Amino acid sequence: METRRLPARKDGRIILHFDHDCFYAAVFEARNPSLKSLPFAVQQKHIIATCNYEARRRGLHKLMLVRDAKRICPDVIIELGEDLTRFRDASKDLYNFIKAYSWDGKLERLGFDEIWMDVTSMVDYNMEFLNRNDLQHSFFVLSKEDPTLGFAYDASVLAGHSYPKALGPSGDGDGRLDELSLRHHLGSHLALHIRHQLEEQKGYTSTVGIATNKLLAKLVGNLNKPKAQTTLMPPLASSDLDSDSLGNALLFMDDHEIGKIPGIGFKLAQKLREFIVQHPVEYDFANGGAQEQVSVARVRQHPDIDFEKLEALLGGPGSPHGIGYKVWCLLHGVDDSEVSQDRPVPRQISIEDSYLRLDTMTKLLTELNTLAQSLIKRMRIDLLSTEDDFVEEKSTSEVDASEAVDRVVVGKRWLAHPRTLRLTTRPRLPLRVDGTRERTMKRISHSCPLPNFVFDLRASTEAVAEKLVRQTVLHMFRRLHPEKSGWDLSLVNLAVTNMAEAAGESKTANGRDISNMFKRQDEVLKDFRVTESPPELVSFSGELSEEEGSHVAAFGEGVPMFNDDNEDDDWNE
DNA sequence: CCGGGGTCGT
DNA sequence: ACGACCC
C-alpha cells in the first residue's frame, strides 16, 4: 500500500523564516537611501556578490562577473564588500531586534541574512485569548508579563500571501475556521508585525515564510519576494475525506527541482538526477546548473525509490548515516529538525582573503599579519561581553581610580575561549606538462592549540597579532607547506574554533539562566549579575611571571588556565 | 575567473 | 583534517 511509504507528519509547530532582502546591498542603502532607486551592486574581487532589485530589473544577478555586469548595465553603481564588518554588524543588530520578540530563544541564523524563529509558544498562548465569535477584533499579546503589550489584528484572515493561493474567504461554507488554519493566521500576523517593525525601526525590508517546519518555511517564502510573506496553509497531508488530494505539502514540494531543496546540495542532487535519468548529467556553473532538471515529484514517484533505496544510493563511506531517510523526508516536506537555541557566541571565527598570486615569504608575512589582526579584533568584538560586567559588579562597592582607568577594557570578560587555531590555504597547483593548470578549490589546513596570550586585553591587537604570527602561525605554515619555495596560494584563512564557554556565562548553562530564558530580553539583561571575578583579572593583579607555564589553552574539557602563561622575553616590550 | 563567510558529520 | 551542506 502506497501510504506506508510516507514519512509521518508532525505539524504542531509554527515557524517563521526571515530573509533580509538583498542584504549586502540593503546595508549600503540604509546608509545612503538614494541608492535604492538606482542600479546598485556589491563587489567582492571579480564578482557581484549581490545587487538590488533595480539592478536585477536590468539583468544583473548574484555571483555574476563584474565585467559582465558593467557591460549589461554601464551605469551600475558598485561598492566593494570584501570586508564583511559592516554586514556582520548589521546582521547582528537585526538578529537581536528579532530575538527580542522571542519567548524561548528558539532562534537560528543561516548566513548573515536569514533567521528561523519558532513561535509555537506565542501562537499557543494567543490561541487561548481568541474570542471565537469576534475574530476580527483580536489582540496579539507579545509579552506574558504585560498583556497590554501587543497589537490589534483580524484573526479571521491571513496576513500576506498564502500557498495555495486563496480562492476567497477561508474556512468552509459556514465561514468557520479550523484550529490549524487559525494557528497559521496568528503566525502570519506576528510575521507581518515584526516585518513592519523591522522596516520602520531599522529600515530593512524582509521576506518571510510561515509554515510548520524549517524546510517549508524557508521554501514557501520564495514564492513572493521581495518585501512580502507567504504562508503554507493546511491541510498539509491528504485526509481520508479527501483521499485523492496530495495535501499542500506534497503539492508544494513536487514542482521543485531537487537541487533547490535545502539539504540536497550539489553532490546529492547529481546522484539523484543520474539515478532518475540513468545517464551522466552535465553541470554548467555558468548557465544555471544541471542540463537536466529533475523534479521532486519524479524522484518521489519513481517505482524503484523508497527511503531504503535512497540510503543505498546516497550512503557510503563518508556520508552521514540515515541520509537516505533524511532525503526521503525532505522530498515529502517533512523536517522534524528543531530551530536551535540562540547561542551567545559563534562556533568559529574566521578571516580569509584570496589572491591572484601569493608566492613569497615577504608577501605571506604581510598577509598573515593582516589576517591575524583582523582575527584578534573579531575575537574582541564577538567573544567579549558587551556589558561592563566587572564595573557593574563593583557598582555596589567602591571602584577606585586605578580600576576606573582600565574599566573599559578590563571590565569586559571573555564569554568563551577558543581552544584551537587553524590555518587553511588553497594552493594553486603547479602547471602540468602541457602548460595548463588543473583548477581545484581544494583546501588544506592544520590546527594547533591557541596560545593563551591572545586573551590578554592589555596588549594592542597589533602586538598580539604579530606575536601570534611569529610564534604560532608560521610554524603551522611550514607544516602545511614544507617546501622552501614553489608554492603559490590562492587563499589563506585563519580561524579560531573549539569554543569553551566561560563558566556561568552561557545563557543555557545553568538553572538560573533557564528561568531567565522565559523572560523578555531586556529583563534578562537587567537581572544579570556577575558572581565571579573575571579570570583575566587574576594575572592583572600581580607581576607578570617569567616562567613558561601553561603556554597554550588545553584541549579537552574545562576552562583554560589563566594564571601566568604569558611570558616570554619580548612580550613586555 | 572565481566572494567571505558559516554549520555539521565522519 | 576534510568534505558535505548553507548563505
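Throughout, a chain's letter reflects where its sequence line sits, starting with A, and its residues are numbered from 1. The structure presented is a predicted model; accordingly, all values stated were derived computationally and were not measured.
- Nucleic acid contact class of A:Q348 (heavy atoms, under 4.0 Å, all strands): base.
- Contacts of A:S188 classified as side-chain hydrogen bond (donor to acceptor under 3.5 Å, both in side chains), with partners at least two apart in sequence or in another chain: none.
- Shown for residues 312-333 of chain A: residues whose heavy atoms fall under 4.0 angstrom of DNA chain B, namely A:G318, A:S319, A:P320, A:H321.
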Step by step, work out the salt bridge (charged side-chain N to carboxylate O under 4.0 Å, His left out) result for A:K45 and A:D353.
-> CA-CA 10 Å; A:K45 297 296 188 304; A:D353 204 348; 2.7 Å; yes
Go through the steps to decide whether A:Y163 and A:F252 satisfy the test ring pair (Phe, Tyr, Trp, His ring centres under 6.0 Å), and finish with yes or no.
-> CA-CA 8 Å; A:Y163 180 90; A:F252 175 62; 5.1 Å; yes
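- Atom CG of A:L84 is separated from atom P of B:dG3 by 13 Å (rounded to the nearest Å).
- The side-chain hydrogen bond (donor to acceptor under 3.5 Å, both in side chains) check on A:Q348 picks up nothing, with sequence neighbours excluded.
- Spacing between B:dC2 and C:dC7 at atom P, rounded to whole Å, works out to 24 Å.
- One can place CZ of A:R422 at 13 Å from P of B:dC8, the figure rounded to the nearest angstrom.
- Counting only N and O atoms by type, the side chains of A:R13 and A:T120 include no donor and acceptor under 3.5 Å apart.
- The side chain to side chain donor-acceptor pair (under 3.5 Å) contacts involving residues 364-375 of chain A comprise A:Y355-A:E367, A:Q373-A:T461, where partners must be two or more places apart or lie in separate chains.
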Derivation and outcome, ring pair (Phe, Tyr, Trp, His ring centres under 6.0 Å), residues A:F23 and A:F112 = CA-CA 8 Å; A:F23 180 60; A:F112 283 0; 7.1 Å; no
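- Not counting sequence neighbours, the partners of A:C73 by the side-chain contact (heavy atoms from CB on, under 4.5 Å) test are A:P39, A:R58, A:L60, A:D75, A:V76.
- As judged by a 4.0 angstrom heavy-atom cut-off over every strand, A:R343 is placed among residues touching the sugar-phosphate backbone only.
- At a non-hydrogen distance threshold of 4.0 Å, A:S350, A:I351, A:E352, A:D353, A:S354, A:L356 from residues 350-360 of chain A come into contact with DNA chain B.
- Contacts with DNA chain B (heavy atom under 4.0 Å) in residues 49-77 of chain A: A:L65, listed by number.
- Under the salt bridge (charged side-chain N to carboxylate O under 4.0 Å, His left out) criterion, no residue pair touches residues 14-31 of chain A, with sequence neighbours excluded.
- Residues forming a side-chain contact (heavy atoms from CB on, under 4.5 Å) with A:T472 (at least two apart in sequence, or on another chain): A:L421, A:C448, A:P451, A:L468, A:M476.
- Rounded to a whole Å, the CG atom of A:D382 is 11 Å from the P atom of B:dT7.
- Running 5' to 3' along DNA chain C, contacts with non-hydrogen atoms of chain A at under 4.0 Å begin and end at C:dA1 to C:dC7.
- Of the side-chain N and O atoms in A:K45, none sit less than 4.0 angstrom from OP1 or OP2 of B:dC1.
- Between A:L494 atom CG and B:dG6 atom P there is a gap of 12 Å when expressed in whole angstrom units.
- To the nearest angstrom, P of B:dT7 lies 10 Å from CZ of A:F112.
- Here B:dT7 presents its C1' atom at 14 Å from OH of A:Y95, a figure rounded to the nearest Å.
- In this model, a donor atom of one side chain and an acceptor atom of the other lie less than 3.5 Å apart for A:R56 and A:T50.
- Across all strands shown, A:Q43 has no heavy atoms under 4.0 Å from either base or sugar-phosphate atoms.
- Each of A:H46 and A:L110 was matched to the nucleotide of DNA chain B holding its nearest heavy atom; the match closer to the 5' end belongs to A:H46.
- Donor-acceptor pairing under 3.5 Å is lacking for the side chains of A:T212 and A:R9.
- No engagement by A:F23 is indicated, since no non-hydrogen atom pair under 4.0 Å with the nucleic acid exists.
- Within the 4.0 angstrom heavy-atom criterion, no nucleotide atom of any strand lies near A:R428.
- Taking atom CE on A:M441 and atom P on B:dG4, their separation rounds to 10 Å, with Å as the unit.
- Look at A:R426 and you won't find any side-chain N or O under 4.0 angstrom from OP1 or OP2 of B:dC2.
- Residue contacts shown for A:G81 are absent, as no nucleic acid heavy atom lies under 4.0 Å away.
- Nucleotide B:dG9 holds its P atom 15 Å from the CG atom of A:L268, rounded to whole Å.
- Taking 4.0 Å as the cut-off between side-chain N and carboxylate O, A:D382 and A:K92 count as a salt-bridged pair.
- The side-chain hydrogen bond (donor to acceptor under 3.5 Å, both in side chains) test applied to A:K214 returns A:E108, not counting sequence neighbours.
- When the side-chain hydrogen bond (donor to acceptor under 3.5 Å, both in side chains) test is applied to A:D304, no partner is found at least two apart in sequence or on another chain.
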